[in-house]
Trainee: 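Can you keep this structure in mind? I'll have questions shortly.
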Amino acid sequence: MRITTKGQVTIPQMVRDHAGLQPGTEVDFIIGDDGVVRVVPAGQGAGQKAMRLDAAIAGLRGSADTILSTDEIMALTRE
């Protein structure tokens, strides 16, 4: 296989059949801890998406810089 300049690759028919990938199927790319990339039907990678979201949130914790109190922020969200 060769990847085009647009980043496209043709998945062989035998592989599509084995994985149950039909035309129009949305897919996710899962990168394992071992660096192996898997192509799976969308939704099967939901666990990894949640882990990435958790990691992103953890990276943002404590990064807000504000002079407002918690009560003032809550009041703003309720307006």
Trainee: For the CG atom of Leu21 and the CD atom of Gln13, what is their distance to the nearest 0.5 Å?
Mentor: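 Separation between the atoms: 10.0 Å.
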
Trainee: I want to check something: taking the side chain as every heavy atom from C-beta on, are Pro12 and Met1 in contact at a cut-off of under 4.5 Å?
Mentor: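 In short, these two side chains touch, coming nearer than 4.5 Å.
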
Trainee: When rounded to the nearest 0.5 angstrom, what distance separates CZ in Arg38 from CD1 in Ile31?
Mentor: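 With rounding to 0.5 Å, CZ (Arg38) is 11.5 Å from CD1 (Ile31).
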
Trainee: Check for me, please, whether Phe29 and Val9 land in the same ILVMFWY cluster - side-chain distances under 4.5 Å, paths through other members count.
Mentor: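 They do not share one cluster, since no chain of ILVMFWY contacts under 4.5 Å joins Phe29 to Val9.
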
Trainee: Testing the basics here: between Pro41 and Ala19, what is the closest heavy-atom pair and its distance to 0.1 Å?
Mentor: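 What the structure gives for the nearest pair is CG-O, 4.2 Å.
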
Trainee: Nearest 0.5 angstrom please: Arg16 CZ to Thr10 OG1, how far?
Mentor: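 Reported to 0.5 Å precision, the distance equals 8.0 Å.
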
Trainee: Taking CG in Asp33 as the centre, count heavy atoms belonging to other residues, nucleotides or ligands within less than 6.0 Å. Is the count above 12?
Mentor: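 No, the 6.0 Å shell around CG holds no more than 12 heavy atoms from other groups.
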
Trainee: Please check if atom CD in Glu26 has more than 12 non-hydrogen atoms from other residues, nucleotides or ligands closer than 6.0 Å.
Mentor: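 It does not: Glu26 CD has 12 such atoms or fewer within range.
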
Trainee: To the nearest 0.5 Å, what is the distance between CD1 (Ile11) and OG1 (Thr25)?
Mentor: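 These two atoms lie 9.5 Å from each other.
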
Trainee: Output the distance between atom CD1 (Ile73) and atom CZ (Arg78), rounded to the nearest 0.5 Å.
Mentor: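 Result: 12.0 Å between the selected atoms.
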
Trainee: Look at the side-chain heavy atoms of Ile, Leu, Val, Met, Phe, Trp and Tyr, link any pair under 4.5 Å apart, and say whether Val15 and Val37 land in one connected group.
Mentor: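 Same hydrophobic cluster.
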
